[in-house]
Number of protein chains: 2
Amino acid sequence: MSDGKPARPTMEDVARHAGVSQMTVSRVMSSKGYISEKVRDKVLAAARDIGYVQNRLARGLRSEQTPLIAVVLPTLGNTVFTDVLSGITDALTQNGYRPVFGLTEYSETREETLVRDLLSWRPSGIVLTGLEHSETTRQAIRASGVRVAEIMDVDGPAMECAFGLSQKAAGQHTARHLLGKGHRRFAYAGSQNGQDLRAVKRLEGFRQTLRDAGAVMISEDVSTAPSSMVEGRRLTADILSRADQPDAIYYASDDLAAGGLMHCLSNGIDVPGTLALAGFNGLPFLNALPLQLTTVETPRYEIGLQAGRFLVSDQAQEALPDGCVDLGFTLIPGQTC
Amino acid sequence: MSDGKPARPTMEDVARHAGVSQMTVSRVMSSKGYISEKVRDKVLAAARDIGYVQNRLARGLRSEQTPLIAVVLPTLGNTVFTDVLSGITDALTQNGYRPVFGLTEYSETREETLVRDLLSWRPSGIVLTGLEHSETTRQAIRASGVRVAEIMDVDGPAMECAFGLSQKAAGQHTARHLLGKGHRRFAYAGSQNGQDLRAVKRLEGFRQTLRDAGAVMISEDVSTAPSSMVEGRRLTADILSRADQPDAIYYASDDLAAGGLMHCLSNGIDVPGTLALAGFNGLPFLNALPLQLTTVETPRYEIGLQAGRFLVSDQAQEALPDGCVDLGFTLIPGQTC
DNA sequence: CTGAAAGCGCTAACAT
DNA sequence: ATGTTAGCGCTTTCAG
């Protein structure tokens, strides 16, 4: 035996060992068509004996469909997306599908190349983050004919079906809550240099509600770094170092808000007496903080689950209002405002 | 035009539009062999015009290799593994590879079926968690000829190459630290019903060091639930409700330890005066706690990065002592012991 | 219920 | 520098 090429066994080999035709092996493997109990057992035994592993590339090529779902996420460095990915994976796994994924790092250009690349695997569906995509991306997807699920956002038209929440409404809701507590002078702290389009929409909703109520946004600080507690702490220190002091800070995320809270605790700033704080996402680590942070909880896992289920379901979804499934959000009052 | 089948363009179509042979298109697409500047541009233009997307299934089938790496992780519900996955993804992406992954939920049986399934995509490499795998799994991998990287653990023989840290040494190190602070009566709190084999190894190292020092382990509580702060809090309350009180608790993870810390703070238990606490992993959320938790920081991202790089590097790794790359760990002293 | 033939879209190996 | 031929391992289609 030359070991230059291990030569993985094919259906042909299984067929020879079982004394049947290769086609019969194919039928047994994919449980398609009628096969006698006897032959099936014989084939399965032969397959096990010689260590047969089916070749999905060949199957996919011939049948023009694969149990693959492409997943395009901005990053894995944010619990939000790993939660969503968990949901997607669970939904897919339950139906025999597998995720193949790639990360954009919030770049539209990277999304374009990534989508093209992922599409070359001929997946039967694709998950995209957000509602904003370049025309190139849209065309590639349309041309490929794969099903699309967009996640996180429902404020706008979906290509096919979107699963998420109204980011704008979340911002508005938080603003109303803060206003209801008597706060009037606000500051905003964000990260990622505004590349997170969902955060931008929340901010817009927040601003709008402030405007309607005649309250003012004193400052908006957005760092270029990714969201983190350290960054939140720094931003907060910055904001409070200026002459014009806010009585509430709205953060783009819980990490930032938690960092802000740390700054206040360390510097003896009374929360929420002197300064109110509000975050976004409702991440579990908030339970580890000495003060329950006011935030908006999002159904991250559920979003992934439903998006995944949508892509692997065989019947087309009933016509939805505007192709969006709003999974809502919950404001968690907390003790910081 | 019948829209029953969109009929995605093939290299044949591109060739026709560019007025060259199909093989020339193939050469342009894979940048293989010599192609004149002129022809290359013509082909690329034609491809763009008709919206050609290469078919990797066909390519993989014919060339008997794919830029796919199978990744088998226990869960995504633990930051540890999403950090590792980040590292893997970064390493792969930089080299044009893609991850296809599946989750075992800590079940060896699920690992077996998952590996078989993943192997059917003919990946060129596979990442496995831990050093313990069933004989079936090992055989399937050996037969397939893919490269294997095992992650997290280096206490034992690797199939090919392992990237991680000595879990046992981490347990011993923590024990020594606790003993050095004068603690003598210990309790252990774990989760996941002992299915996390790395946690079991840490506990063994911890126990051994206690034994050698003549200290005692009063109790070992392991819940069946996944690791979480809530669970840690519950376990801690349980441990402290008994007659025999420990002066230090060693937790299987930071989540559990943080929950324990919350219990102490809420119940006025002096930490570390009355009770010392130590966790494991060095997760970033610890910075949000009012007290810096003593823990052992692990190079999670780095583990993923190196494992990924190993799998996509073309030259075989130099012979390593026992096939393991120990990326070490760092004890973070903290204020809880 | 089982088999034979054809071919999915691409690349390896050989031409030229 | 470009073209021709063959065939990867499977499923589709059509026969029995």
Side-chain angles (χ1 to χ4, degrees), chain A residues 4-44 46-47 50-68 119-124 144-145, chain B residues 4-44 46-47 50-68 119-124 144-145:
Chain A
K5 200 198 266 183
R8 264 103 92 207
T10 69
M11 282 188 178
E12 198 66 56
D13 300 322
V14 178
R16 220 186 339 273
H17 277 252
V20 296
S21 78
Q22 178 263 125
M23 192 56 233
T24 299
V25 177
S26 170
R27 290 205 177 91
V28 171
M29 292 303 166
S30 51
S31 331
K32 239 174 194 162
Y34 300 91
I35 300 283
S36 73
E37 193 73 7
K38 220 176 102 180
V39 171
R40 146 170 274 108
D41 292 349
K42 209 163 50 174
V43 169
L44 255 21
I50 66 174
Y52 172 73
V53 174
Q54 74 172 124
N55 187 329
R56 292 229 196 239
L57 300 174
R59 197 221 267 239
L61 176 60
R62 184 61 245 236
S63 63
E64 301 195 315
Q65 56 166 317
T66 63
L68 243 31
L119 251 21
S120 71
W121 290 104
R122 308 291 174 197
S124 49
S144 74
Chain B
K5 199 198 262 181
R8 264 104 91 208
T10 69
M11 283 187 177
E12 197 67 55
D13 300 321
V14 178
R16 218 185 342 271
H17 277 251
V20 296
S21 78
Q22 180 262 125
M23 192 59 230
T24 300
V25 178
S26 169
R27 290 205 177 93
V28 171
M29 292 302 164
S30 50
S31 331
K32 239 174 193 162
Y34 300 90
I35 300 283
S36 73
E37 195 74 7
K38 220 177 101 179
V39 171
R40 145 170 274 107
D41 292 347
K42 209 164 47 173
V43 168
L44 255 20
I50 66 175
Y52 172 75
V53 174
Q54 73 174 126
N55 187 330
R56 291 230 196 238
L57 300 174
R59 196 220 267 239
L61 176 60
R62 182 62 243 237
S63 64
E64 300 194 317
Q65 56 165 319
T66 62
L68 244 30
L119 251 20
S120 72
W121 289 104
R122 309 291 173 193
S124 50
S144 75

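Naming: A, B, ... by sequence-line order, numbering from 1 per chain. Quantities reported herein were computed from a predicted structural model and do not represent experimental measurements.
Distance alone, capped at 3.5 Å, places no donor-acceptor pair between the B:T66 side chain and the B:G60 backbone. Side chain of B:D13 to main chain of B:T10: a donor-acceptor pair is present (N/O by atom type, distance under 3.5 Å, no hydrogens or angles).
Counting any heavy atom pair closer than 4.0 Å across all strands shown, B:I35 reaches sugar-phosphate atoms only and no base atom. Counting any heavy atom pair closer than 4.0 Å across all strands shown, A:Q22 reaches a base atom. Within 4.0 Å (heavy atoms only), B:R27 reaches at least one base atom of the nucleic acid.
Phosphate contact (OP1/OP2 of C:dG3, side-chain N/O of A:Y34, threshold under 4.0 Å): absent. A close approach under 4.0 Å does occur between a side-chain nitrogen or oxygen of B:S36 and OP1 or OP2 of D:dT2. Side-chain nitrogen and oxygen atoms of B:R59 include at least one within less than 4.0 Å of the OP1 or OP2 phosphate oxygen of C:dT11. Contact annotation: B:T24 reaches the phosphate of D:dG3 (side-chain N/O to OP1 or OP2, under 4.0 Å). One finds no side-chain N or O of A:S26 lying less than 4.0 angstrom from the OP1 or OP2 phosphate oxygen of D:dC10. Phosphate proximity of C:dG3 to A:S21: present, with a side-chain N or O under 4.0 Å from OP1 or OP2.
At whole-Å resolution of the value, CE in B:M29 and P in C:dT11 are 10 Å apart. Residue A:E64 contributes atom CD, which lies 6 Å from atom P of C:dG9 at whole-angstrom precision. Nucleotide D:dG3 holds its P atom 14 Å from the CE atom of B:M11, rounded to whole Å.
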Before giving the answer on side-chain contact (heavy atoms from CB on, under 4.5 Å), spell out for B:R59 and B:S26 the whole-Å C-alpha distance, their side-chain angles and the decisive distance to 0.1 Å.
CA-CA 10 Å; B:R59 196 220 267 239; B:S26 169; over 6 Å; no
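Here D:dG3 is the nucleotide among D:dG3, D:dC10, C:dG9 with the atom lying nearest to any side-chain atom of B:V20. Taking the side chain of B:M23 as heavy atoms from C-beta on, and the options D:dT4, D:dG9, C:dG9, the nearest nucleotide is D:dT4.
Atom OG of A:S36 is separated from atom NZ of A:K42 by 7.5 Å, given to the nearest 0.5 angstrom.
A side-chain donor from one of A:S120 and B:R56 sits under 3.5 Å from a side-chain acceptor of the other.
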